[in-house]
Amino acid sequence: MKRITSFMITVIMILQLVACNTLPTTIDVTLLDFKYIPDTITVPAGKEITLNLKNDGFVSHMFVIFKLGTDAGEKFGPEDEANIYWQVDEVLPGKSLTAKFVAPTEPGEYYMTCGLGGHHEVGMVGKLIVMDK
Ligand SMILES: [Cu+2]
């Protein structure tokens, strides 16, 4: 019984290791009016992330990641600038863009939104989940 238990623990540890190592560093996100698909992305902490953004909407969109523990509150505005971790300024409608950023080293759930006029307010938000490598 003890042998089976330690075997199971080993299997679980290996599975966790495999799961962690397979966290993607290339992410595809489609921008629509007014949402991100997917709206939750998971990346490994501290790794360089390649973000492929495709705007299938009729208006421009941004991709803004906030610092841990901050969000845009009710309304996105200039007062939020200090809380921005990283951003893509603008993806024009019908266009694609690839950008790279280094994921935060601190694991957690980071708030994402679109900083263009009123998009945050109509729910163009998402979540970046940073996991320990
Ligand atoms: Cu937008």
Side-chain angles (χ1 to χ4, degrees):
M1 191 62 187
K2 198 173 179 186
R3 193 173 287 175
I4 291 172
T5 306
S6 64
F7 172 73
M8 288 305 289
I9 289 169
T10 307
V11 168
I12 289 166
M13 282 169 65
I14 290 169
L15 286 175
Q16 283 174 338
L17 207 63
V18 169
C20 288
N21 283 339
T22 56
L23 268 182
T25 54
T26 299
I27 309 281
D28 297 339
V29 178
T30 301
L31 313 173
L32 292 175
D33 311 331
F34 298 89
K35 59 183 170 183
Y36 298 103
I37 297 176
D39 64 0
T40 300
I41 59 179
T42 304
V43 297
K47 290 278 173 72
E48 185 179 70
I49 308 299
T50 301
L51 188 63
N52 297 315
L53 298 174
K54 184 169 181 276
N55 186 350
D56 278 344
F58 292 99
V59 297
S60 291
H61 292 293
M62 290 175 74
F63 188 94
V64 181
I65 301 169
F66 275 62
K67 292 175 186 168
L68 190 61
T70 66
D71 64 44
E74 298 262 305
K75 202 172 184 304
F76 183 90
E79 69 280 6
D80 294 308
E81 293 286 327
N83 292 331
I84 292 174
Y85 174 75
W86 182 80
Q87 72 176 54
V88 171
D89 288 338
E90 189 175 20
V91 186
L92 296 170
K95 300 288 182 189
S96 294
L97 183 154
T98 296
K100 288 176 191 279
F101 70 99
V102 176
T105 51
E106 198 173 345
E109 290 188 8
Y110 292 72
Y111 185 85
M112 298 172 354
T113 191
C114 177
L116 291 176
H119 296 194
H120 163 265
E121 288 78 357
V122 294
M124 192 165 183
V125 296
K127 203 188 291 176
L128 175 78
I129 299 174
V130 174
M131 293 186 73
D132 232 337
K133 293 156 278 187

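Just so you know, these numbers come straight off a predicted model, no measurement behind them. Counting convention: from 1, in listed order, for ligands and their atoms alike.
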**Student:** Of all N, O or S atoms in His119, identify the one at the shortest distance from the Cu ion (ligand 1).
**Tutor:** ND1

**Student:** Should the pair Trp86 and Phe63 be assigned to parallel (<30°), tilted (30 to 60°) or perpendicular (>60°) ring geometry?
**Tutor:** perpendicular

**Student:** Walk me through whether His119 and Val59 qualify under side chain to side chain contact (heavy atoms under 4.5 Å, CB included).
**Tutor:** CA-CA 10 Å; His119 296 194; Val59 297; 3.8 Å; yes

**Student:** With side chain to side chain donor-acceptor pair (under 3.5 Å) as the test, would you mind laying out the steps for Lys100 and Thr50 before giving the verdict?
**Tutor:** CA-CA 5 Å; Lys100 288 176 191 279; Thr50 301; 3.1 Å; yes

**Student:** Atom CG of Asn55 and atom OG of Ser60: how far apart are they, to the nearest 0.5 Å?
**Tutor:** 6.5 Å

**Student:** Can you tell me if His120 has an N, O or S atom under 2.8 Å away from the Cu ion (ligand 1)?
**Tutor:** no

**Student:** Of all the N, O or S atoms in His61, which one sits nearest to the Cu ion (ligand 1)?
**Tutor:** ND1

